[in-house]
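Working notes, beginning with the structure itself.
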Amino acid sequence: MALIVDKHRPKSLDDLTYHDELSKRLRSLAQCGDFPHVLFYGPSGAGKKTRVVATLKELFGPGVDKIKIDARVFQTSSNRKLEFNIVSSIYHLEITPSDVGNYDRVVIQDLLKEVAQTQQVDQSAKQKFKVVIINEAENLTRDAQAALRRTMEKYSPNLRLILLADSISNIIAPIKSRTLLIRVPAPTHDEICKVLAASAKKEGWPILSGLHKRIAEKSKRNLRRALLMYEAVHAQNEKVTDDTPIPDADWEVLLGQIATEIVNDRTPARILTVRAQLYDLLTHCIPATNIIKTLAFKLVDLVDDDLKGEVIMFAATYESRIKEGTKMIFHLEAFVVKIMKMVEEHLMSVDM
Amino acid sequence: MASFFDLKARKAAAANGASSSAEKKTTENPRLQPWVEKYRPKTLSDVTAQDHTVTVLQRTLQASNLPHMLFYGPPGTGKTSTILALAKELYGPEMMKSRVLELNASDERGISIVREKVKDFARMQLTNPPPGYKSRYPCPPFKIIILDEADSMTQDAQSALRRTMETYSKITRFCLICNYVTRIIDPLASRCSKFRFKSLDQGNAQRRLEDIAKLEDVVLEEGAVDALIRCSDGDLRKAITYLQSAARLVSATAGGDDGDGDKMDVDSKSITVKIVEDIAGVIPDATIQKLVKAMRSRDAFRAVAGVVEDMVADGWSAGQTMTQLNQAIIYDETIPDAQKNRITGVFSEVDKRLVNGAEEHLAILDLSLRISKIMAGR
């Protein structure tokens with residue numbers, strides 16, 4: 001049984017439920033025969049990928065649905081072999097170059113050139129060009145992005161790129177100036193409610209506007225998370241009513257506990273237990289960035305008003321260090337200790 | 001799968017596709033080209049706004065001699081265009097292939113390539129131009145190697161070039177192109193004559209954009225050109241790309257309206273300031289003002305956190321937020337200079353973090369809170 005996120009994913013531009021203006025724009029772009037390179041950006045769960053797939057369908061017709069997965073082997077200049085997965089149909093390729101870390105430049109250079117130098121095989125195809133979708137473009141290294149620059153101009157008759165990124169801060173200016181930037185904002189609460197209601201109808205679940213509203217608020221305008229929560233609610237409860245509690249993710253619950261413990265008990269012994277808990281989260285593959293961000297927002301609710309700004313400041317500081325360094329646990333612990341010290345000092349000054 | 005085995009249907013589809021694509025070919029081919037390529041200057045005199053460089057190069061064109069060259073300057077100022085135009089004027093279309101080697105960051109450019117490909121090309125003897133050709137093009141007796149985006153070459157690869165440049169200087173000239181001259185190692189830089197490309201001034205960029213708009217039959221609304229230039233910060237390529245994207249949008253939506261048959265206004269086809277700003281990803285002023293207002297409010301934390309969360313959810317990029325917020329604050333007369341000094345420090349620190357790939361939500365929230373704290377005078 002597929003998750004409702006996948007099951008009810010809109011398949012064509014007509015099915016998209018929000019950002020009508022954007023859908024109209026995408027359709028006209030796809031139809032005018034002159035499709036530019038595009039860079040989609042927006043927060044996760046806003047529907048970037050869904051829109052890209054729908055646009056592809058508008059461009060090429062149903063052929064894009066028949067996809068296969070290839071494992072390709074690339075060789076770096078130092079003779080290292082890289083395994084790399086490519087999802088492709090006859091009209092398009094989809095790659096996630098950040099899978100191979102620092103070697104993404106090799107993949108970009110080899111693969112794109114290979115694709116660009118061969119023409120469309122299917123003579124009956126609607127478009128003369130092929131499309132390459134690059135996921136997580138914000139994680140591309142500088143080298144890989146530099147490699148994209150000329151490729152985009154040189155091979156534009158045979159190749160169009162669609163880049164997907166959460167943010168465009170890490171994308172170098174030359175790429176931005178060569179693509180059409182399309183911003184996909186997250187859906188508003190009302191729009192999420194509408195989508196939930198539509199899904200409920202398809203599944204035969206009762207439509208509970210109160211529950212929908214709460215899920216929408218809790219999901220922080222992330223539609224994917226909202227749908228998953230909605231399914232979780234239905235999976236865990238036999239009978240769902242307007243005030244059924246919405247279960248939190250386990251790791252969020254744990255982080256909530258950690259936050260309370262940090263604020264209430266500021267001792268070296270506590271640091272040790274928190275350390276074990278953080279390790280636990282890390283080994284369960286929760287990204288350190290998520291940990292520190294969630295922890296910071298949980299802490300903000302607990303501490304005094306004067307300290308809120310500082311909590312965020314330290315969170316931002318240590319988060320950036322996580323990105324620069326390699327040992328995440330050091331920075332997480334440093335953050336925890338810093339918060340403890342801050343709270344302690346604040347209490348002391350209040351007492352005196 | 002049924003249609004896959006249905007031979008007749010497939011043949012029909014193929015025939016349809018072939019015929020329609022053949023029709024398309026005649027009408028749409030020029031449209032498919034990006035305008036940046038289409039309107040790349042064809043001769044040196046077409047190059048806009050780089051008067052000094054162009055005069056120097058034109059003189060070398062007459063003298064048929066050329067130094068090694070190093071072009072540097074911000075993106076979109078015409079570095080690649082200039083050297084390509086120069087090469088075209090020197091060699092003409094037929095000799096371009098055998099006399100010019102263009103390498104850029106999309107080609108493998110490690111030390112081995114410099115040793116093999118570049119050296120081989122540099123070493124190659126010159127071929128003679130066909131008779132009569134020389135009267136049309138100067139065809140000077142040397143080849144040109146263009147190393148585009150040279151600042152992304154490794155130090156080792158650059159040092160491997162040093163001797164090569166000198167040894168074969170009789171028959172080969174190098175042209176290095178880069179954004180940051182500091183990334184080119186000194187020994188290389190000292191072997192080249194340097195040309196700085198300055199960013200385009202308002203007048204030149206405006207003229208060029210208006211020319212293109214006229215040639216492409218695009219109607220620009222009052223102020224749209226200014227908006228284009230403002231959003232592209234002197235990068236003409238960016239401005240042209242924006243113009244083309246805007247034109248696509250406008251013509252596409254207008255086409256859709258024709259299909260519906262209800263709107264046929266000529267006004268709807270012109271490019272407005274709003275469309276340009278939309279494409280460039282400029283944040284509406286109202287949003288920025290809301291953020292600034294939240295920073296000044298008494299319960300700053302809650303207000304700022306709310307606004308920032310909305311902005312992140314709307315997908316505004318952190319870089320753009322910082323640029324616009326910076327402008328809003330720097331030009332705000334009510335903030336004392338001492339506070340502005342400290343605020344600028346915060347901006348630079350957060351910018352560094354963002355470049356290193358920090359989480360945007362936290363970074364922007366941190367930035368806003370710290371600014372609000374400074375403005376509150378604490």
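First the proteins, then the strands, lettered A, B, ... as listed; each starts at 1.
In this structure, the side chains of A:Leu26 and A:Ile182 come closer than 4.5 Å at one or more pairs of heavy atoms. B:Arg353 is listed as a side-chain neighbour of A:Thr317, based on a closest heavy-atom distance under 4.5 Å. A 4.5 Å side-chain heavy-atom check between B:Ile283 and B:Thr321 finds at least one atom pair inside the cut-off.
Annotation: maximal heavy-atom pairing with chain B below 4.5 Å, among A:Val300, A:Ile292, A:Ile322, occurs at A:Val300. Contacts with chain B were tallied for A:Arg321, A:Lys220, A:Lys323; A:Lys323 has the most, counting heavy-atom pairs under 4.5 Å. Put simply, of B:Ala358, B:Ala313, B:Ser317, the one with the most heavy-atom pairs under 4.5 Å next to chain A is B:Ala313. Put simply, of A:Arg221, A:His37, A:Arg183, the one with the most heavy-atom pairs under 4.5 Å next to chain B is A:Arg183.
Contact annotation for B:Leu362: both backbone and side-chain heavy atoms come within less than 4.5 Å of a heavy atom of chain A. The contact between B:Asn179 and chain A is made entirely by side chain atoms (from C-beta outward), counting heavy-atom distances below 4.5 Å. Residue contact with chain B, scored on non-hydrogen atoms closer than 4.5 Å, involves the backbone and the side chain of A:Ala315 alike. For a residue to count as touching a neighbouring chain, one of its non-hydrogen atoms must lie under 4.5 Å from one of that chain's; by this rule A:Asp305 touches chain B with the side chain only. If you measure heavy-atom distances from A:Phe314 to chain B, you find no contacts under 4.5 Å at all. Of the atoms belonging to B:Glu360, it is side-chain heavy atoms, and not backbone ones, that fall under 4.5 Å from chain A. With a threshold of 4.5 angstrom between heavy atoms, B:Gln320 does not approach chain A through any atom at all.
Atom CG of A:Leu161 and atom CG of A:Leu164 lie 11.0 Å apart (nearest 0.5 Å).
Looking at A:Asp20 and A:Lys24, no side-chain N of the basic residue comes within less than 4.0 Å of a carboxylate O on the acidic one, giving no salt bridge. Under 4.0 Å is where a charged nitrogen must lie from a carboxylate oxygen, and between A:Glu310 and A:Lys338 no such pair does.
The cationic group of A:Arg51 lies under 6.0 Å from the six-membered ring centre of A:Tyr18 and within 45° of the ring axis, placing it in a cation-pi geometry.
Residue A:Met313 places its CE atom among more than 12 non-hydrogen atoms of other residues, nucleotides or ligands, all under 6.0 Å distant.
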